[in-house]
Amino acid sequence: MPISVLMKDWERGARYAGSKDRAFVRGLCLDVLRRWRSFRGEESTRIATFLTLRDVWRWDEARIAEAFSGEHGDGPLTEEELGAQASDALDLPAFLEGIEDAAVISESMATRAPVDLRANTLKAAREKALGALKTLRAGAAPHSPVGIRIPPAPAAEKGPGVTVIPAFGKGWVEVQDEGSQLTVLAAGDLKGAQVLDFCAGGGGKTLALSAAMNNSGQVHAYDVDARRLAPIHERLRRAGARNVQVVAPSEPDRLAALEGKMDLVFVDAPCSGSGTWRRHPDTKWRLSEEHLQTRMGEQDEVLDQAARYVKPGGTLLFVTCSFLREENDQRAEAFLARNEAFGMAGPLDGLADDARETLAPFADEKALRLAPWTSGTDAFTLIRLRRNDR
């Protein structure tokens, strides 16, 4: 069960807990889950909690013992628990322990992530937005030209409430990881283009595409799940995005009318979400080989569907928030084997010099690969596929 659901259940039964208490418990639970295997959570939740408080939060043992023994504690710690040490296990699902750079990935994904925002240039330049965020310790993000970064909150402290600040309400900023922003930068100059965001969800990348296009051309936002698409309308209004057409799954004729006409089809495909494990550590432990296989099948299906809308000479951008090659390189290769009209293009092909310079450190000949251990962002992989028939 998602930790967010469990937390809500706990909060309903813990009326004594104020907002700081709830933030404390939520932060502790997430930190315990980030190092669940190395802190021996499968053996004992108490040991995992003790090790988190001692080795991550840096509490002394007297303070920890008092917390366990207190009114809302779980009972006094035993001598064995007080002597517990972390194991050498990697904080990854067992079936992924053999992947390349497993130790680096394990350590990187066990850390807290910053809060990243995107300055909405339809309403405010980044400098103006930064001026409105001074109280949140915000600064320019290291890579994205429109990115803003707020450092992770210290242990036991509540993160910044960015969605309640005036700058958010005015549409000056949107919450979006810098890695996600960089995938839009990799889309290139789209001013005046026809673009289909095929898995638009709540509209994060739709909004970023609209701003990058400066309200020119047209962005068509579609998602097969109407519930996921529902928040996009309010977000578009707040952002001042006027070049977006929302295509609901109940409107198949409108979607069919786009076939073979799009300069760019952006596919943020369903995936394991491994790239977001810093933010959602509970999903790391729910991932199984069977779940991964299911996601891979969904990616194949989505790519085949999305390809129909790319015009001759147009581009299909395949993006996942995953670092797993099975969900990225292997899916692109399988797609090309099924679709002779498409070929692989370099991830930075056609980009302006400034965008190429920004992204080059994270690209190889096949893909743009962003990750906490390279770019300091969530993990995203972007592969550029081009329709070559005329």
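Predicted model, so just to flag it, every value in this text is computed and none were measured. The first residue of the sequence shown is numbered 1, and numbering continues consecutively from there.
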For Arg12, all residues meeting salt bridge (charged side-chain N to carboxylate O under 4.0 Å, His left out), sequence neighbours excluded: Asp9

Those residues that, when tested against Glu327, pass salt bridge (charged side-chain N to carboxylate O under 4.0 Å, His left out) (two or more places apart): none

Close side-chain approach of Leu28 to Leu53, heavy-atom, < 4.5 Å: yes

Nearest atoms (heavy-atom pairs only) where Pro270 meets Val302: CD-CG2, 4.1 Å

Residue pairs involving residues 160-170 (criterion salt bridge (charged side-chain N to carboxylate O under 4.0 Å, His left out); sequence neighbours excluded): none

Salt bridge flag under 4.0 Å for residues Glu333 and Lys366: yes

Arg286 atom CZ, over 12 foreign heavy atoms within 6.0 Å: yes

Glu43, CD: over 12 other non-hydrogen atoms inside 6.0 angstrom: yes

Counterpart residues, side chain to side chain contact (heavy atoms under 4.5 Å, CB included), relative to Ala367 (two or more places apart): Asp364, Arg369, Thr381, Ile383

Minimum heavy-atom distance Leu316-Ala306, with the two atoms named: CD1-CB, 4.0 Å

Minimal non-hydrogen separation, Ala119 against Ala124, with atom names: CB-O, 4.2 Å

Worked check of side chain to side chain contact (heavy atoms under 4.5 Å, CB included) between Arg37 and Ser87: CA-CA 8 Å; Arg37 291 192 69 202; Ser87 75; 6.0 Å; no

Residues Arg34, Asp91: salt bridge by 4.0 Å N-O rule: no

Pair listing, salt bridge (charged side-chain N to carboxylate O under 4.0 Å, His left out) test, anchored in residues 303-321, at least two apart: Glu259-Arg308, Asp263-Lys311, Asp304-Arg338

Heavy-atom donor-acceptor pair, Thr294 side chain to Glu290 backbone, under 3.5 Å: yes

Passing option when Leu196 is tested against Gln218, Lys261, His220 for side chain to side chain contact (heavy atoms under 4.5 Å, CB included): His220

Single-linkage hydrophobic cluster Leu122~Leu236, side-chain heavy atoms < 4.5 angstrom: no

Qualifying side-chain hydrogen bond (donor to acceptor under 3.5 Å, both in side chains) pairs with a residue from residues 55-72, counting only residues at least two apart or across chains: Asp31-Trp57

hydrophobic_cluster_shared for Val267 and Val184, side chain cutoff 4.5 Å: no

Salt-bridge present (Glu80, Arg46; N to O < 4.0 Å): no

Side chain to side chain contact (heavy atoms under 4.5 Å, CB included) partners for Ala352, two or more places apart: Asp354

CA sep, side-chain torsions, deciding dist, call: Arg295, Glu326, salt bridge (Lys or Arg N to Asp or Glu O under 4.0 Å): CA-CA 10 Å; Arg295 284 288 181 253; Glu326 295 93 328; over 6 Å; no

Within residues 159-213 or reaching into it, pairs that qualify as ring pair (Phe, Tyr, Trp, His ring centres under 6.0 Å) - sequence neighbours excluded: Phe198-Tyr222, Phe198-Tyr309

Donor-acceptor under 3.5 Å (Thr183 side chain, Ser180 main chain): yes

Asp378 (side chain) donor-acceptor with Gly179 (main chain) under 3.5 angstrom: no

Shortest non-hydrogen separation from Gly204 to Arg235 and the atoms involved: N-NH1, 3.5 Å

Minimum heavy-atom distance between Thr315 and Val310, given as atom pair plus value: N-CG1, 3.6 Å

Check: Pro154 main-chain N/O paired with Arg112 side-chain donor or acceptor under 3.5 Å: yes

Side chain Asn120, main chain Ala239, donor-acceptor under 3.5 Å: yes

By side chain to side chain contact (heavy atoms under 4.5 Å, CB included) - contacts of Ala14 (at least two apart): Trp10, Tyr16, Ala17

Thr52 vs Arg35, side chain to side chain contact (heavy atoms under 4.5 Å, CB included): CA-CA, chis, key distance, verdict: CA-CA 8 Å; Thr52 300; Arg35 298 181 182 270; 5.7 Å; no

Salt bridge (charged side-chain N to carboxylate O under 4.0 Å, His left out) contacts in which one or both residues fall within residues 179-202, not counting sequence neighbours: none

Under 3.5 Å donor-acceptor, Asn339 side chain and Ala341 backbone: no

Closest approach of Cys321 to Phe380 (non-hydrogen atoms, all atoms of both residues): CB-CE2, 3.7 Å

Same cluster (ILVMFWY, side-chain, under 4.5 Å), Val244 and Leu258: no

Hydrophobic cluster membership, Met109 vs Leu292, 4.5 Å side-chain cutoff: yes

Main-chain N/O of Gly273 paired with Thr276 side-chain donor or acceptor, under 3.5 Å: yes

Donor-acceptor contact below 3.5 Å, side chain Asp116 vs main chain Asp177: no

Expected output: side-chain Ser288 to main-chain His291 donor-acceptor under 3.5 Å: yes

Under the side chain to side chain contact (heavy atoms under 4.5 Å, CB included) test, residues paired with Ser375 that sit two or more places apart: His143, Phe362, Leu370, Thr377

Salt bridge (charged side-chain N to carboxylate O under 4.0 Å, His left out): pairs with one or both residues in residues 122-143, sequence neighbours excluded: none

ILVMFWY cluster, Leu185 and Val219 together (side-chain gap under 4.5 Å): yes

Pair Arg384 + Asp349: basic N to acidic O under 4.0 Å: no

